[in-house]
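Here's the structure we're looking at; comments come further down.
Order of the sequence lines sets the chain letters (A, B, ...), proteins ahead of strands, with each chain counted from 1.
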Amino acid sequence: MGVKILKKDFFKRPTLIVAKELIGKYLVKKVDGKEMALMITEVEAYDGPRDKASHASRGMTDRNAIMFAEGGYIYVYLCYGMYNMLNFVTGEKDYPAAILIRGVEGFDGPGKLTRHLKIDRSFNKMEICPKSGLWVEDRGEVIAKKDIIRTPRIGVDYAGEIWKNKPYRFVLKT
DNA sequence: TAAGTGATCTCT
DNA sequence: GAGATCACTTAA
């Protein structure tokens, strides 16, 4: 029915649940005064201090400090010198967790989507809300459970057998 | 399949 | 301060 803007309460829940439910929601970004809304089709969860694939696995640093905040914040960082990665912080305060937005409709890949939506590190530590110019909406789309595929995460071979094989990636079947 | 690219982390 | 590393993409 109506468009619902997702608030902190949505993001403060357990990371894997939030990740799964983000599939089919709309990422909305203000670009040059115009709103672009794209359905989220691919995400990855990074959950807790023991997740070896997570930036938070080696404790808090200047870069990942925002992951320790309560859910509802934006975490953006630069990878490989040229790609900004967009994450949403989840869970309660002091519990380091975030969800990497890997793809939306039309832009398949974390680096590509940030490049096209002009998302850079200036969004780091901002709240996920219209005031920041970047937020998420529930537009009433219902995604069938069978249309969501779970797979291991991408590009985390260094995390060891246990963590690299966790099925923390959610993809919308096309 | 390899290389580009630069912030950040982990040693000295 | 120096060196290694990295949640990627593109062009062969």
Side-chain angles (χ1 to χ4, degrees), chain A residues 10-25 27 29 31 36 38-91 94-128 132 134-136 148-174:
Chain A
F10 179 87
F11 296 98
K12 284 176 77 169
R13 297 175 303 149
T15 312
L16 289 175
I17 292 175
V18 178
K20 189 181 69 185
E21 293 189 7
L22 273 176
I23 299 293
K25 299 290 187 290
L27 178 70
K29 169 72 169 57
V31 186
M36 292 187 65
L38 298 165
M39 188 191 282
I40 297 171
T41 57
E42 184 178 350
V43 300
E44 271 179 19
Y46 290 84
D47 187 34
R50 288 171 47 248
D51 184 348
K52 289 278 189 298
S54 167
H55 288 163
S57 66
R58 274 180 281 185
M60 184 160 29
T61 65
D62 285 345
R63 180 177 66 164
N64 67 23
I66 192 63
M67 291 184 75
F68 289 75
E70 62 179 356
Y73 286 91
I74 299 166
Y75 173 36
V76 181
Y77 76 96
L78 189 69
C79 191
Y80 299 109
M82 34 182 122
Y83 300 108
N84 291 302
M85 300 287 153
L86 172 65
N87 301 248
F88 294 144
V89 176
T90 61
D94 296 327
Y95 183 78
I99 294 167
L100 168 67
I101 309 301
R102 291 194 61 88
V104 298
E105 65 176 329
F107 301 118
D108 179 21
K112 281 195 222 166
L113 96 87
T114 52
R115 200 173 61 201
H116 283 97
L117 294 180
K118 298 192 177 11
I119 296 167
D120 58 32
R121 283 174 304 136
S122 66
F123 285 89
N124 196 31
K125 301 187 183 185
M126 301 243 268
E127 280 187 63
I128 304 167
S132 302
L134 177 60
W135 68 100
V136 181
I148 297 179
I149 303 166
R150 284 185 74 159
T151 80
R153 292 171 292 187
I154 305 296
V156 294
D157 287 350
Y158 62 89
E161 287 302 314
I162 294 178
W163 291 99
K164 84 177 193 190
N165 291 323
K166 291 268 186 194
Y168 280 7
R169 175 166 171 256
F170 298 84
V171 188
L172 177 65
K173 193 157 75 176
T174 48

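To the nearest 0.5 angstrom, Leu113(A) atom CG is 9.0 Å from Met85(A) atom CE. To the nearest 0.5 Å, atom CG of residue Leu78(A) and atom CZ of residue Arg63(A) are 9.5 Å apart. To the nearest 0.5 Å, atom OH of residue Tyr73(A) and atom CD1 of residue Ile66(A) are 6.5 Å apart.
The shortest distance between the side-chain N/O atoms of Lys112(A) and the OP1/OP2 oxygens of dT10(C) is below 4.0 Å. Applying the 4.0 Å criterion to OP1 and OP2 of dC8(C), one finds that Arg102(A) has a side-chain N or O inside that range.
Base pairing in DNA chain B yields stems of at least 3 consecutive Watson-Crick or G-U pairs, both distances under 3.5 Å, namely B:1-4 with C:8-11, B:6-11 with C:1-6.
What separates CD1 of Ile66(A) from P of dA7(C) is a distance of 19 Å, to the nearest Å. Rounded to whole angstrom, the span from the CE atom of Met85(A) across to the P atom of dA7(C) amounts to 9 Å. Between the CH2 atom of Trp163(A) and the C1' atom of dA7(C) there is a distance of 15 Å, rounded to whole Å. Atom NZ of Lys166(A) and atom P of dA7(C) are 18 Å apart (whole Å). Across the protein-nucleic acid pair, Phe107(A) atom CZ and dC8(C) atom P stand 19 Å apart, rounded to whole Å. In this structure, CG of Leu78(A) is placed 18 Å from P of dT5(C), rounded to the nearest angstrom. If you take NZ of Lys52(A) and C1' of dA7(C), they are 16 Å apart, rounded to a whole angstrom. Atom CD of Glu42(A) and atom P of dT9(C) are 9 Å apart (whole Å).
Between Tyr83(A) and Arg121(A), the residue anchored nearer the 5' end of DNA chain B, judged by the nucleotide with its closest heavy atom, is Tyr83(A).
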Tell me, with the steps shown, if Leu22(A) and Ile101(A) meet side chain to side chain contact (heavy atoms under 4.5 Å, CB included). CA-CA 9 Å; Leu22(A) 273 176; Ile101(A) 309 301; 4.2 Å; yes

Starting from the C-alpha separation in whole Å, work towards a yes-or-no answer on side chain to side chain contact (heavy atoms under 4.5 Å, CB included) for Val18(A) and Ile99(A). CA-CA 8 Å; Val18(A) 178; Ile99(A) 294 167; 3.6 Å; yes

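Where stacking is scored as ring centres under 5.5 Å apart with planes under 30°, Tyr80(A) registers as stacked on the base of dC8(C).
Within 4.0 Å (heavy atoms only), Arg58(A) reaches sugar-phosphate atoms of the nucleic acid but no base atom. Residue contacts shown for Met82(A) include a base, since a base heavy atom lies under 4.0 Å away. Counting non-hydrogen atoms under 4.0 angstrom, Arg115(A) reaches the backbone sugars and phosphates but no base.
Nearest to the side chain of Tyr158(A), among dA7(C), dC8(C), dT9(C), sits dA7(C).
Salt bridge Arg102(A)/Glu44(A): present, at least one basic N to carboxylate O contact under 4.0 Å.
By the neighbour-count criterion of 12 heavy atoms within 6.0 Å, atom NZ of Lys164(A) is densely surrounded, having more than that number from other residues, nucleotides or ligands.
With hydrogens and angles ignored, the 3.5 Å screen pairs a side-chain donor or acceptor of Asn87(A) with a backbone N or O of Tyr75(A).
No side-chain donor from either of Thr114(A) and Asn84(A) sits under 3.5 Å from a side-chain acceptor of the other. A donor atom on one side chain and an acceptor atom on the other are found under 3.5 Å apart for Tyr95(A) and Asp47(A).
Note that the first and last nucleotides of DNA chain B, 5' to 3', having any atom under 4.0 angstrom from a heavy atom of chain A are dG4(B) to dT10(B).
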